[in-house]
Amino acid sequence: MNSKVEQSGGASAGDIAKYVLALLLVAAGVAAYIYFDQWAGPLRALVVVAGLVLGAGVFLVTAKGAQTREFLSESRFELRKVVWPTRQEALRTTWVVMIAVAVLSLLLAGFDLVIQAAVKYLLGR
């Protein structure tokens, strides 16, 4: 658990400018995709990806970006502590889930048929 106290001082003017720049880069990538419709599809997609990457890069140098990097680093550290199931355990669990879904879907289909028959009987069809 993280015991750090967060300061709620608000964003600085430089951070706000970086946020705006990051949004503009993403918007420019999307606008280029829409405006340059004569370009090949993969090139247009690459422009959008470039806008997203550049926008993310600008965001990561802000205060919130530093908090995001710290969170991702701590999350990665916590993932190392996880005891992952073996392949055999995962397959068994998958089969149990698939069988449970099949049984429940058949049960719900049965309820549906009974309710459908009851409604038809009550309406006289």
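Residues take their numbers from the sequence shown, with the count starting at 1.
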Query - Shared-cluster residues of Leu21, by chain and number - hydrophobic side chains joined below 4.5 Å - result: Leu25, Leu54, Val58
Requested in this report: Please collect all ring-ring contact (aromatic ring centres under 6.0 Å, His included) contacts where either partner lies in residues 47-75, sequence neighbours excluded, each pair once.
Outcome: none
Report summary line: Taken in chain and number order and not counting sequence neighbours, the residues that satisfy side chain to side chain contact (heavy atoms under 4.5 Å, CB included) with Tyr121 are none
Requested in this report: Sequence neighbours left out, what passes side chain to side chain contact (heavy atoms under 4.5 Å, CB included) with Leu91? Give chain and number order.
Outcome: Arg87
Query raised in the report: Quick one: side chain to side chain donor-acceptor pair (under 3.5 Å) partners of Lys81, sequence neighbours excluded?
Result: Glu78
Report summary line: Using a 4.5 Å side-chain heavy-atom cut-off and chaining through intermediate ILVMFWY residues, the residues clustered with Val61 come out as none
Query - Whether over 12 other heavy atoms sit under 6.0 Å from Gln116 CD - result: yes
Report summary line: Joining Ile, Leu, Val, Met, Phe, Trp and Tyr whenever any side-chain heavy atoms lie under 4.5 Å apart, the cluster holding Val119 also takes in Ile115, Leu123
Query raised in the report: In chain order, what residues pass the side chain to side chain contact (heavy atoms under 4.5 Å, CB included) check against Leu52, with sequence neighbours excluded?
Result: Val26, Val48
Requested in this report: Starting from Val82, walk the hydrophobic network (Ile, Leu, Val, Met, Phe, Trp, Tyr; side-chain heavy atoms closer than 4.5 Å) and list everyone else you reach, by chain and number.
Outcome: Leu79, Trp84
Anything under 3.5 Å between a donor and an acceptor, one on a side chain of residues 94-105, the other on a protein residue two or more places apart or in another chain? List them.
residue: Thr94; atom: OG1; partner: Ala90; partner atom: O; Å: 2.7
residue: Ser105; atom: OG; partner: Val101; partner atom: O; Å: 3.1
residue: Ser105; atom: OG; partner: Ala102; partner atom: O; Å: 2.8

Requested in this report: Working to the nearest 0.5 Å, report the span between CD of Gln88 and OG1 of Thr93.
Outcome: 10.5 Å
Which atom pairs, one a donor and one an acceptor, fall under 3.5 Å between side chains of residues 28-38 and the rest of the protein, sequence neighbours left out?
none

Requested in this report: Mind checking side chain to side chain contact (heavy atoms under 4.5 Å, CB included) for Arg69 and listing every partner two or more places apart, or none if nothing turns up?
Outcome: Leu60, Ala66
